[in-house]
S.K.: 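I have a structure I would like to understand better, so I am pasting it below and will then ask my questions one at a time.
In each ligand, atom 1 is the first atom listed, and ligand 1 is the first ligand listed.
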Amino acid sequence: MAPSLARLSLAAALAATATSSVVNTPFPAGYPSPWGSGGAEGWEDAYAKAKDFVNQLTLVEKVNLTTGTGWEADVCVGMTGSVPRLGFRGFCLQDGPLGIRYSDRDLMRRRGQAMGEEFRGKGIDVQLGPVAGPLGRVPQGGRNWEGFSPDPYLTGVAMAETIQGIQSRGVIACAKHYILNEQEHYRGNVNVKIDDRTMHELYLWPFADAVRAGVGSVMCSYNKVNGEFACENEWSNNYLLKNELNFQGFVMSDWGAQKTTLSSALGGLDMAMPGDGAGPPYGSFWGGALTEAVLGGQVPEWRLDDMVIRIMAAYFKVHTGNYTYRPDINFSAWTKQATGPLHPLSNSTFTVVNEFVNVQADHGDLIREIGAKSIVLLKNENHALPLNKPKSMAVIGEDAQDIPGGPNACAERGCVKGTLAMGYGSGTAEFPYLISPATALQLQASADKTAFNNTSSNWDLGAARAAASKASVAIVFAMATSGENFIIIDGNAGDRNNLTLWNGGDDLIKAVASVNPNTIVVLHTVGPVIIDYAQEHPNITAIIWAGLPGQESGNALVDVLYGKVNPQGRSPFTWGKSVADYGAQLMFKAPNPAVPEQTFDEGIFIDYRYFDKAAVEPTYWFGFGLSYTSFDYVDLKIAVSNASSSSAASGLTAPAPTYGTVNKSAAANLLPAGFQKIRPYVYPWLNDSSATAATGTGPNISSFPAAARNGSAQPVLPAGGGAGGNPGLYDVLYMISATIKNTGEVAGTEIPQLYVQLGGEENPFGVLRGFDEIVLAPGEVKTVTFELTRRDVSNWNSTSGNWEISTKEKFVFVGSSAALIRLNSTLPAPAGMTWQGQ
Ligand code: BGC
């Protein structure tokens, strides 16, 4: 193995540098919500179809598509109103995003496709995932596991692949939670203060990839961003997402994250979920209240039309090719019985709500493949793994066991029983079955004639030691979970209180290792845990991080333990030796809980970027993972491409369009005579004809600058102009290649990683900018090529409001983790530039 560069000494030299301070984000107050135009790649046809549709709608029909019918008002976790006159059913929105730790783009895509097929098969229009927020600022963040990694580049790739997979199957994906929802404590009202550069280079980055991948919807989060709630935030929604990133789809609120009628409409929200939750007169911030606001002129007609065109364009974007037909909704989110109410909240219209359509096809095989290929082998001494018919085996720990009462015994996985295969909260799915590690290992043991002992208690350390001391191999299991704040387990309110293993897992591991010199540790955890003691322990011969493997847990684990699959997963985060090692900290207790506030003043230095800067050596670095074989890296080559220079976007948009002609008399927008309301369903009609002067709930229109309602042509931002930003950002400036050889005895897959040092004290030692999966037979040699785009080598300049390649000298590193650098070189300056020192 080639020596790593002296990262830590360089990092130490950089450690004294200033952190970024929060600066005012430069954008004009009252920035109007940009109108969708279809002017981004992949949206033209969808907008043409959406225009034909929206042109025909009445005012209340338009409003009906923007507003949820209420919590538990219909069978899906969120459902909008419909357009019965045109036979158009309301939108069915359903959780969730389940995903974690990948090394392989193809698997990300196939996973997205499989999820899309399952959601479509149930009649769901919008899958509420994938997740890029939380990104993972702090390792205890309760919902980190719903997303991918604290590295924005990796999360961006995973978002794009997942979205394209889901949407290729006729289902709209939803990139959530936008943005800075980095912890569960105080998520409902914390004001997160952030500077422009950190926003662009870290948290917005993967959302840019989502938009570029054509995502149909984005869910705004519960928290505030620089003083305004995310669902009514002119900066994050209007300025960044809809103008700079040129997002053409719709923004929906997280459930209950909408706070007002006008601020949300003018602040870029397009769909209110679940739609209810406001007081009288409408029980909704929108519905009839939005109709009022449009008729009263507080919300311009173009803004309502823009909400609807965005929603319908997303619909038509995914309903193409073989997917124009829309399956009926055949499930209920609220009951497991076949029959039940169509409208649970009003307990009405009893019918068959669950047809139990089996949508799983052969996805179990894919889940097993993903489960095995994403296992990360952290330690493997004395060839402890793979196992080869051991004489005797002790399986120890509750985390290896079947879940008493069945895999779904705890609602939304909100308890700790048996093996851990997903976190808890709305991001969960129901298991059709769950193969526990003990079950799968027992099967393998009996095939191999291995004497097998299974000891389940975490607390009976005497029994654990007794079992372990008699076995030729002891496999000890431990877990740590987290989730969403509406469930509290053992005092953990969503976020983890610490980074230790749960249920006495650390003591169990130590007890087993104290008596068995061939102890293998298997971890099912939502993120990093403190395991430096296990890394150092001479009796612990192997450590496996199996993450949250899902229903094929045991089978996937056996595949790796026995070498049927050579491990290839790489850790998507850094494993510190203490919480303090991570720098940025979770805010458990706000100094003033009435107005909780957090400043992300660590800037872009989270996870491995921080460890490096602070010269803190972790247990395992981001990107680390072993194989049963070994690889050599040689021959780094850099080709500078001829991409022309990119110019700042400029020009003006067209003025805001409206679609069709609507009757704006109060009478035309009243509840039709004879219509029987289902209460407390949300409707778009006015309560009475005198109601058009009100402003709904929230601030009066006089508190908004006139610019907020300005539908005249608007300047395109310099960094804008295409889906995901200026198209020039995605020009390939460099092709970087390296040659990888399998120097071991067995076939294996290496995941070479490309890091770039952008130069200067304000940049980390390296940031991930490429990775690939290289499958190699013993002795085989292959070349991997990475493409570096303009965005990849740029920094955000908040003064010019644009990405810029600085004149600081830059370096590239190819390695097998953020610290194991195998090859390195300076990066030649792009045509027309010269580097001017570091
Ligand atoms: C969560 C979202 C979820 C929604 C609907 C919210 O509490 O934050 O992620 O999609 O509920 O279940």
S.K.: Check ligand 1 for close polar pairs with the protein: N or O on both sides, less than 3.5 Å.
M.R.:
| from | atom 1 | to | atom 2 | distance (Å) |
| --- | --- | --- | --- | --- |
| ligand 1 | 7 (O) | Tyr222 | OH | 3.0 |
| ligand 1 | 7 (O) | Glu484 | OE2 | 2.9 |
| ligand 1 | 8 (O) | Arg143 | NH1 | 2.7 |
| ligand 1 | 8 (O) | Asp254 | OD1 | 3.2 |
| ligand 1 | 8 (O) | Asp254 | OD2 | 2.7 |
| ligand 1 | 8 (O) | Glu484 | OE2 | 3.3 |
| ligand 1 | 9 (O) | Arg143 | NH2 | 2.8 |
| ligand 1 | 9 (O) | Lys176 | NZ | 2.8 |
| ligand 1 | 9 (O) | His177 | NE2 | 2.6 |
| ligand 1 | 10 (O) | Asp95 | OD1 | 2.5 |
| ligand 1 | 10 (O) | Lys176 | NZ | 3.0 |
| ligand 1 | 12 (O) | Asp95 | OD2 | 2.5 |

S.K.: Would you please name every residue forming a salt bridge (Lys or Arg N to Asp or Glu O under 4.0 Å) with Asp125, sequence neighbours left out?
M.R.: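 For Asp125 the salt bridge (Lys or Arg N to Asp or Glu O under 4.0 Å) partners, ignoring immediate neighbours, are Arg89, Arg326.
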S.K.: Apply side-chain contact (heavy atoms from CB on, under 4.5 Å) to Val63 and list each qualifying residue two or more places apart in sequence or on a separate chain.
M.R.: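 Val63: side-chain contact (heavy atoms from CB on, under 4.5 Å) contacts with Thr66, Thr67, Leu290, Thr291, Leu304, Pro684.
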S.K.: Going from CE on Met273 to CE on Met219, what distance comes out if it is rounded to the nearest 0.5 angstrom?
M.R.: 9.0 Å
S.K.: Could you pull out all residues at least two apart from Cys174 that satisfy disulfide bond (SG atoms under 2.5 Å apart)?
M.R.: none
S.K.: Measure the spacing between OH of Tyr315 and CZ of Phe250 and express it to the nearest 0.5 Å.
M.R.: 12.5 Å
S.K.: Assess whether atom CD of Glu430 is packed by more than 12 heavy atoms of other residues, nucleotides or ligands within 6.0 Å.
M.R.: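 Enclosed.
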